[in-house]
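Step one of this worksheet: look at the structure below.
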Number of protein chains: 2
Amino acid sequence: MTTETSTTAPPATSELLATVGNKVRSMRKDRGMTLARLSEITGLSQAIVSQIERGMANPSFTTLAQLAHGLDIPVGRFFIGQDQSRSPVVRRSARRNLQNVTRESVGEAIHELLTPDRDGTIEAQWISTPPGHDTSATPFTHSGEEFCYIISGRKDVYLDGVCYSLEEGDSITYSSEIPHWYKNSYEEVCVAIWVNAPHAL
Amino acid sequence: MTTETSTTAPPATSELLATVGNKVRSMRKDRGMTLARLSEITGLSQAIVSQIERGMANPSFTTLAQLAHGLDIPVGRFFIGQDQSRSPVVRRSARRNLQNVTRESVGEAIHELLTPDRDGTIEAQWISTPPGHDTSATPFTHSGEEFCYIISGRKDVYLDGVCYSLEEGDSITYSSEIPHWYKNSYEEVCVAIWVNAPHAL
DNA sequence: CTACTCACATAACTATAGTGAAGATTTGAG
DNA sequence: CTCAAATCTTCACTATAGTTATGTGAGTAG
């Protein structure tokens with residue numbers, strides 16, 4: 001086989017269409033609207049609304065936006081409860097680069113997200129730090145708990161000013177509320193895994 | 001004019017398409033993917049992905065689902081930041097009925113949502129309570145702060161067992177953490193506005 | 001029972017989303 | 001600079017989303 005396979009099976013589209021349709025219909029009924037009324041305020045035809053509600057049409061982006069508008073809900077509401085099936089794995093080839101997200105002081109370091117892009121849950125990064133790299137100018141302080149494991153190279157992690165020199169295979173765990181920064185004061189690139197668990201709501 | 005107007009202007013679809021396209025492209029780039037790779041794992045053609053990214057096509061529901069799958073994000077991610085423009089008003093004719101959401105002890109009472117269907121923010125309900133209606137069997141206790149205003153009729157609100165008899169025009173405010181219930185021990189239907197402000201995250 | 005209304009479904013048509021292949025652009029090595 | 005490989009866009013076609021108009025079936029009045 002020549003093609004690399006996808007991370008998981010593709011979504012079963014027909015079922016998705018049915019569930020979205022059911023949502024539209026129940027929301028419309030909740031609001032005491034008829035097909036005619038909803039089509040009037042959305043600018044869509046009764047026919048297509050009826051078909052969508054019964055899972056017999058595949059609404060376009062703009063149609064979804066118009067329906068959401070008519071029902072006064074965020075468009076994303078149509079999609080809740082159907083992404084739990086998303087893969088827990090992030091392939092190396094599909095890691096998200098966080099370069100633009102992180103602070104400028106991070107400089108040449110490469111940050112890649114290791115956790116699926118969910119909101120509010122645990123988050124892991126793959127971090128490659130070049131020799132001399134130093135984040136002491138902008139110590140991090142936020143909520144949650146952190147863990148770091150060194151894959152290769154060495155790195156000095158500072159918690160509240162106290163230095164912990166880590167080598168390959170070492171790890172460190174601490175509260176994110178402690179001001180923390182790190183520095184690669186060695187000759188080789190340091191590659192580490194960094195995990196942050198934000199506190200639950 | 002014969003038709004009742006919509007609550008707000010319909011969304012400007014062309015702009016939405018552009019913003020969604022930009023999101024797809026930046027997410028793909030973040031992951032270091034080419035059009036060919038994304039089309040491969042989504043099962044879509046390069047052509048349509050290119051067109052969508054440039055805002056020149058109106059992707060269908062299933063196409064959006066496939067793209068989200070390929071990027072390993074929830075589909076709703078495509079829509080964040082574009083629903084702030086939603087109307088703050090909920091027309092009487094478009095109120096959402098919460099009947100099925102509330103507890104069975106609520107019985108014949110009618111609950112209708114008065115706030116736009118956002119998550120996690122303040123929420124208001126219109127509540128119609130028939131004579132004799134009583135929720136004391138299942139007192140409510142949750143987080144946040146509550147406020148209730150009586151539009152017509154009378155109602156007895158109990159906070160931690162203490163009775164407050166409210167009449168038309170009266171209002172009451174309390175912490176939702178206090179176990180609370182209410183009873184319409186009068187002859188007429190009571191109509192009230194109830195507001196709950198969940199504590200911010 | 002018949003005529004009328006309201007809510008929804010179906011049918012025939014047309015506009016466009018999506019495909020596959022070929023063309024244009026960019027990138028990088030020598 | 002030139003050539004080649006990789007990446008992206010354009011083109012001609014087909015499958016289908018969405019429209020207008022008509023049909024069905026349940027209720028209600030006369």
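A note on names: the letters A, B, ... follow the listed sequences, proteins ahead of strands, and every chain is numbered from 1. Every value quoted in this text rests on a predicted model; they were computed, and no experiment measured them.
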Check: F78(B) and P59(B) side chains under 4.5 Å, non-hydrogen atoms: no

Side chains of V189(A) and V191(A) in contact at under 4.5 Å (non-hydrogen atoms): yes

Are OP1 or OP2 of [N] and a side-chain N or O of [X] less than 4.0 angstrom apart?
| X | N | answer |
| --- | --- | --- |
| R54(B) | dT10(D) | yes |
| K29(B) | dC8(D) | yes |
| R25(A) | dA9(C) | yes |

Partners meeting side chain to side chain contact (heavy atoms under 4.5 Å, CB included) with S60(A) (sequence neighbours left out):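 Applying side chain to side chain contact (heavy atoms under 4.5 Å, CB included) to S60(A) gives T62(A), T63(A), N58(B).
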
To the nearest Å, how far apart are [X] [atom1] and [N] [atom2]?
| X | N | atom1 | atom2 | result |
| --- | --- | --- | --- | --- |
| E40(B) | dC8(D) | CD | C1' | 16 Å |
| R37(A) | dC6(C) | CZ | P | 16 Å |
| L35(B) | dT10(D) | CG | P | 12 Å |

Pairwise salt bridge (charged side-chain N to carboxylate O under 4.0 Å, His left out) hits with a residue in residues 55-67 of chain B, at least two apart: none

Where at least one partner belongs to residues 41-61 of chain A, residue pairs that pass salt bridge (charged side-chain N to carboxylate O under 4.0 Å, His left out), sequence neighbours excluded: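 Residue pairs passing salt bridge (charged side-chain N to carboxylate O under 4.0 Å, His left out), neighbours aside: R25(A)-E53(A), R28(A)-E53(A).
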
Summary of protein contacts for nucleotides 17-26 of chain C, nucleotide by nucleotide, where a base hit scores B, a sugar-phosphate-only hit scores S (4.0 Å, heavy atoms): SBBB------

Test side chain to side chain donor-acceptor pair (under 3.5 Å) applied to S185(B) - qualifying residues, sequence neighbours left out: D156(B)

Estimated bend of the helix from dC1(C)-dG30(D) to dG30(C)-dC1(D) (axis per five terminal pairs, rounded to 10 degrees): 20°

Shortest non-hydrogen contact between S45(B) and S39(B), atoms and distance: C-CB, 3.8 Å

Q46(B) backbone acceptor or donor facing S50(B) side chain under 3.5 Å: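 Here the side-chain-to-backbone pair does not exist.
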
